[in-house]
Amino acid sequence: MLFSQPEQQLSEEEFRLIRDLIYNHCGLFFDSDNKYLLDRRLLPRLALHSLSGFRDYYQFLKYDRKKDEEISDILDILTTNETYFFRESFQLDAFTDEILPELKSLKQKDRTLRIWSAGCSTGEEPYTIAMLMLEKNCFPGWRIEIVGSDISHRVVQVARKGIYGKSSFRSTDQRYLERFFTEAPGGYRICDEVRELVTISQMNLFDANRLALLGKMDVIFCRNVIIYFDQGSKKKVIESFYNTLRPAGYLLLGHSESLMNVSTAFALRHLKSDMVYQKSAVPTGGVAK
Ligand SMILES: C[S@@+](CC[C@H](N)C(=O)[O-])C[C@H]1O[C@@H](n2cnc3c(N)ncnc32)[C@H](O)[C@@H]1O
């Protein structure tokens with residue numbers, strides 16, 4: 001006779017404990033409407049780690065040696081890593097046609113450019129930035145560094161591998177595919193010329209120690225990431241971005257994201273193709289409380 005496993009149910013208290021633990025770790029907030037989602041999606045983790053209930057799972061998330069890895073894995077289950085090459089093309093036009101020329105004249109002396117794609121998922125965003133810069137070919141002899149980072153170990157591995165299937169190319173012009181990719185098992189491999197400009201790291205945007213090692217940036221892309229954060233988390237992350245940017249540096253958010261009620265420290269610049277945020281050349285403001 002087969003005995004079915006007793007159904008585990010996430011109690012109100014367990015929900016709050018796990019929800020707050022995730023929130024404190026990485027800023028993602030699940031309100032009580034998401035209790036069922038957490039319950040269903042986290043249930044298979046109990047069996048995976050041979051745990052008898054959600055209370056034990058909470059202890060696992062709090063104290064186990066592999067707790068950071070587990071939180072990164074469950075974020076993959078609970079959130080979306082949706083991304084593709086050349087996403088939000090208006091903003092990319094503003095970047096190539098207006099921001100880059102401005103930075104080029106501003107940084108003639110030290111001839112370095114550092115760009116961060118924060119929450120880059122499987123890497124399409126930082127590689128897009130690299131392709132655009134290579135195509136523009138207007139920084140000969142400059143030191144260009146593009147950093148792509150994400151909290152999820154899984155997507156970071158995909159980004160490092162650099163092989164992409166059809167859905168990543170839904171808005172890629174054929175000429176980019178021909179110039180920067182070669183066919184490979186499972187899709188198309190990004191070429192070394194692009195990879196050499198990009199460093200991919202696993203990084204939690206709320207890990208202040210890790211962020212401190214990053215160094216100053218000229219442009220930060222953080223698109224379709226803070227949409228999942230509550231107001232308090234947004235403020236924390238935007239303040240870190242402010243401190244990481246050089247004076248006159250740019251912050252590019254996703255189209256449905258804004259700094260309204262989050263920060264007054266940046267100026268909203270109306271460029272020809274899009275609106276972007278810029279840190280003052282002489283820093284003055286602060287992050288809105
Ligand atoms: C929807 S994807 C956006 C990818 C890309 N920026 C784009 O716009 O196409 C959001 C990414 O943010 C990452 N993320 C969420 N919270 C994070 C955190 N606290 N630290 C770093 N990355 C985080 C997720 O793992 C996910 O890969």
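Position 1 is the first residue of the sequence, and the numbers go up from there. Just so we're clear, the structure is a prediction, and the values are computed from it rather than from any experiment.
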Query raised in the report: Between Phe221 and Phe95, does the ring centroid distance fall short of 6.0 Å?
Result: yes
Query raised in the report: Step by step, would you call Asp97 with Lys272 a salt bridge (Lys or Arg N to Asp or Glu O under 4.0 Å)?
Result: CA-CA 9 Å; Asp97 300 341; Lys272 274 185 227 128; over 6 Å; no
**Report entry** Cluster check Tyr277, Leu103: I/L/V/M/F/W/Y, side chain < 4.5 angstrom
**Finding:** no
Query raised in the report: For Tyr164, which of Tyr188, Phe85, Phe180 qualifies under ring-ring contact (aromatic ring centres under 6.0 Å, His included)?
Result: Phe85
**Report entry** Donor-acceptor under 3.5 Å (Arg223 side chain, Gly119 main chain)
**Finding:** no
Report task. Look only at the side chain of Glu239 and the backbone of Ser263, and say whether a donor-acceptor pair between them is shorter than 3.5 Å. Result -> no
Query raised in the report: Are Leu61 and Glu70 close enough that some pair of their side-chain heavy atoms sits under 4.5 Å apart?
Result: yes
Requested in this report: Check whether any side-chain N or O of Arg41 sits under 3.5 Å from a backbone N or O of Ile77 as a donor-acceptor pair, and report yes or no.
Outcome: yes
Requested in this report: Determine whether Leu245 and Tyr250 make a side-chain contact, defined as any pair of heavy atoms from C-beta on separated by less than 4.5 Å.
Outcome: no
Query raised in the report: What closest approach, in Å, do Val225 and Ala118 show between heavy atoms, and which atom pair accounts for it?
Result: CG2-O, 3.6 Å
**Report entry** Side chain proximity check, Arg210 to Ser201, heavy atoms < 4.5 angstrom
**Finding:** yes
Query raised in the report: At their closest point, which heavy atom of Lys136 faces which heavy atom of Thr96, and how far apart are they?
Result: CE-O, 3.8 Å
Query raised in the report: Do any N or O atoms from the side chain of Gln202 and from the backbone of Ile151 form a donor-acceptor pair under 3.5 angstrom?
Result: yes
Query raised in the report: In terms of heavy-atom contacts, does CZ of Arg175 have more than 12 from other residues, nucleotides or ligands at under 6.0 Å?
Result: yes
Query - Leu251-Leu268 co-clustered via ILVMFWY side chain contacts under 4.5 Å - result: yes
Report task. Any salt bridge (Lys or Arg N to Asp or Glu O under 4.0 Å) involving residues 48-67? Give me the pairs, sequence neighbours left out, ordered by first then second residue. Result -> Glu13-Arg55
Query raised in the report: Looking at the rings of Phe229 and Phe206, which for Trp means the six-membered one, are their centres under 6.0 Å apart?
Result: yes
Query - Passing option when Asp150 is tested against Ser121, Ser72, Ser117 for side chain to side chain contact (heavy atoms under 4.5 Å, CB included) - result: Ser121
Requested in this report: Is it possible for you to say whether Leu78 and Phe15 belong to one hydrophobic cluster, with membership spreading through side-chain heavy-atom contacts below 4.5 Å?
Outcome: yes
Query raised in the report: Taking side chain as C-beta onward, heavy atoms only, is Ile146 less than 4.5 Å from Pro126?
Result: yes
Query raised in the report: Does Lys279 reach the main-chain N or O of Tyr242 with its side chain, forming a donor-acceptor pair under 3.5 Å?
Result: yes
Query - Check ion pair Glu82-Arg170 (N to O, under 4.0 angstrom) - result: yes
**Report entry** Flag side-chain contact, heavy atom, 4.5 Å: Leu75 against Cys26
**Finding:** yes
Report task. Rounded to the nearest 0.5 Å, what's the gap from CZ on Arg87 to OG1 on Thr128? Could you check? Result -> 11.0 Å
Query raised in the report: Can you check salt bridge (Lys or Arg N to Asp or Glu O under 4.0 Å) on Arg179 and Asp173, steps first, answer last?
Result: CA-CA 10 Å; Arg179 177 168 171 197; Asp173 199 286; over 6 Å; no
Query - Least distance between heavy atoms, Ala184 atom then Arg189 atom - result: CB-CB, 4.0 Å
Query raised in the report: Are Ile115 and Val147 connected, step by step, through hydrophobic side chains (Ile, Leu, Val, Met, Phe, Trp, Tyr) whose heavy atoms are closer than 4.5 Å?
Result: no
Query raised in the report: Do Asn81 and Val158 touch side chain to side chain, with heavy atoms closer than 4.5 Å?
Result: no
Report task. Kindly indicate whether the side chain of Glu88, heavy atoms from C-beta on, has any atom under 4.5 Å from the side chain of Asn224. Result -> yes
Requested in this report: Kindly give the heavy-atom pair with the smallest separation between Lys107 and Thr112, and that separation in Å.
Outcome: NZ-O, 3.1 Å
Query raised in the report: Within the distance-only criterion (no hydrogens, no angle test), does the side chain of Lys216 pair as donor or acceptor with the backbone N or O of Asn243 below 3.5 angstrom?
Result: yes
**Report entry** Crowding at NZ, Lys104 (>12 non-hydrogen neighbours, <6.0 Å)
**Finding:** yes
Query - Which atom of Ala281 lies closest to which atom of Pro247, heavy atoms considered - result: O-CB, 3.2 Å
Query raised in the report: With a 3.5 Å cut-off and no angle check, do the side chains of Ser11 and Gln9 form a donor-acceptor pair?
Result: no
Query raised in the report: Would you find a donor on one side and an acceptor on the other, under 3.5 Å apart, between the side chain of Arg195 and the backbone of Arg160?
Result: yes
Report task. Can you see which heavy atom on Asp274 is nearest to which on Gln91, and at what distance? Result -> OD2-CB, 3.1 Å
Query raised in the report: Are any side-chain N or O atoms of Asp230 and backbone N or O atoms of Ser233, one a donor and one an acceptor, separated by less than 3.5 Å?
Result: yes
**Report entry** Within one Ile-Leu-Val-Met-Phe-Trp-Tyr cluster: Met131 and Met133, side-chain cutoff 4.5 Å
**Finding:** yes
Query - Test ring pair (Phe, Tyr, Trp, His ring centres under 6.0 Å) applied to Phe86 - qualifying residues, sequence neighbours left out - result: Tyr176
Query raised in the report: Between Phe139 and Leu100, is any pair of side-chain heavy atoms under 4.5 Å apart?
Result: yes
Query - Arg114 side-chain N/O to Leu214 backbone N/O, donor-acceptor pair under 3.5 Å - result: yes
Requested in this report: For the pair Thr79 (side chain) and Asp76 (backbone), establish whether a donor and an acceptor sit closer than 3.5 Å, ignoring hydrogens and angles.
Outcome: no
